[in-house]
There are 2 protein chains.
Amino acid sequence: MTESWRIPTVAIAVDLAVLTIRADQLNILLVTRGVEPYAGRLALPGGFLSSDDEDIDAAAARELAEETGLSAKDLHLEQLRTYGAPRRDPRQRVVTICYLALMPDLPLPLGGGDARAAQWVPVDKALSRKRQLAFDHAKIIADAVERARSKLEYTTLATAFCGPVFTISDLRQVYEIVWSESLDPRNFHRKVTGVDGFLTPTGDRAATNGGRPAALYRRGPARTLHPPILRDGNP
Amino acid sequence: MTESWRIPTVAIAVDLAVLTIRADQLNILLVTRGVEPYAGRLALPGGFLSSDDEDIDAAAARELAEETGLSAKDLHLEQLRTYGAPRRDPRQRVVTICYLALMPDLPLPLGGGDARAAQWVPVDKALSRKRQLAFDHAKIIADAVERARSKLEYTTLATAFCGPVFTISDLRQVYEIVWSESLDPRNFHRKVTGVDGFLTPTGDRAATNGGRPAALYRRGPARTLHPPILRDGNP
DNA sequence: GCAAAAGTGTTGATGGTACACCCATGG
DNA sequence: CCATGGGTGTACCATCAACACTTTTGC
């Protein structure tokens, strides 16, 4: 608590839940804490809000750039929820505003100035070893994953996990991995090509990997899906 | 600014967007500010978070009880979003965690200890006179209404606007008013009675208001709607 | 040709809309 | 009886899951 004079009585933090798909699994970006409390444990990247003129959305974007080297306009970033249980940080009262980011699988570390040991951890693994996570971050991760899962249903966000050009198979695998559910490739194809503005054909074709080469697409202008693509597990 | 010594450099507020249906309109609970800034303007009820051991959800519930006299377990209360633009409060940096509450139309003031002038204001009126609202509260109200609108689609939340017992007509009017859209009474009836756990019949019937008396229902155990009841305006 | 993946056509089930029709009450 | 709102039946249409089938590549 020697640093408590530097931080207001109720401190405000901004934490990031950054998701990607890697090796057929949903992964989350975690850092290893170097200091107490929870030294050595895995935690969401984040930091305290400075009291200057920085907007909280901008603070989240800045943290994201520091961790990944990516600008917020290159990927999806949205506010998830604010967590403020009284003793979630044993040092003092901390209220943390959490953000959800989705990005394609890019190499890490991405040359950010902040060279803390950020690593991709499969979400399943992180959530099955809750004791290794700092603070209430297991709960935050679970909320982030659930938000991502449900957003795939009625928005075009799945494309945020893909690179700039992708095949319909790539997109289907995003859905299958995030939902842990297999989808019929033929019906999926029809469904996504039927939504206006979801996908823009590039005209090119992907290198074949054993069969007929797939058409390549970019993400289209649509942001919501009409009709939605619904999960099975719902009822 | 005489009280600024009591508030940390970055202050945390909890604000409430309390919605109800009154006189066939969606209404929001607003207070008239007595002090600068924005003295005399309408604002969302709320207050600063104390740095003691109060959870932020509990702080929202306490504010709600002070304004309406109702306990949080009697009505729906959920976190909406956190707003933290740098100059949203001209005095100092304030980050506000906003909550959305839905309640049936009950008389106000509800005998809370805090006798500030809380009043119901039709949402349309509030949003068409944005200049009369304090801070960024017009934006918050718009977000709250949009959240309520979309939650009616896939949750059973519409019952939160009704009293403990209600008719299917009452429920339909909730949808019609919140969505500003008229629905076919016959198809609506079939739809809601077809969702398992949405409605529990009481066995009683309402006093007639000109026609056959309607069956009375309580809210059932279901919290999500399968299938959803979708708005028209979507595509 | 054969395997493998992409993409199309078809069919039967399901859920939605529109609307005709019957039910129960007050006046 | 009539007016009024509550509630059911039904016909038609859109969407969807399931799966047979065709297309396009590598080997």
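Any value given below was found using the heavy atoms of this structure, including those in side chains, with hydrogens, waters and symmetry copies removed. Note that the structure is predicted; figures quoted are calculated from it, not measured. Lettering of chains follows the sequences in order, A, B, ..., and the numbering in each one begins at 1.
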Round to a whole Å and report the spacing from [atom1] of [X] to [atom2] of [N].
| X | N | atom1 | atom2 | answer |
| --- | --- | --- | --- | --- |
| L183(A) | dA18(D) | CG | C1' | 14 Å |
| L171(A) | dA6(C) | CG | C1' | 15 Å |
| E176(B) | dG5(D) | CD | P | 13 Å |
| L230(A) | dT15(D) | CG | P | 14 Å |

key: Under 3.5 Å side-chain donor-acceptor pair for D143(B) and Y83(B)   = yes
Quick one: are [X] and [Y] in side-chain contact, heavy atoms under 4.5 Å?
| X | Y | value |
| --- | --- | --- |
| L42(B) | L133(B) | yes |
| E176(B) | P185(B) | no |
| L77(A) | L100(A) | no |

ask   = Looking at DNA chain C, which of residues 185-197 of chain A put a heavy atom within less than 4.0 Å of it?
value = R186(A), H189(A), R190(A)
request  = State whether the number of non-hydrogen atoms from other residues, nucleotides or ligands found under 6.0 Å of R205(B) atom CZ is greater than 12.
outcome  = yes
key: D57(B)/R81(A) salt bridge by N-O under 4.0 Å criterion   = yes
message = Need one value for S169(B): base, sugar-phosphate or nothing, where a base atom within 4.0 Å counts as base even if backbone is also close, heavy atoms only.
response = sugar-phosphate
task = Name all pairs fulfilling the ring-ring contact (aromatic ring centres under 6.0 Å, His included) condition that reach into residues 139-164 of chain A, sequence neighbours left out, sorted by first residue then second.
result = none
query = Which parts of residues 203-221 of chain A get close to DNA chain D, meaning a heavy atom less than 4.0 angstrom away?
reply = T208(A), G211(A), R212(A), P213(A)
ask   = Using the ring of each side chain (for Trp, its six-membered ring), is H137(B) parallel, tilted or perpendicular to F135(B), with breaks at 30° and 60°?
value = tilted
task = Take D184(A) and P228(A), find for each the nucleotide of DNA chain D with the closest heavy atom, and name the residue whose nucleotide sits nearer the 5' end.
result = P228(A)
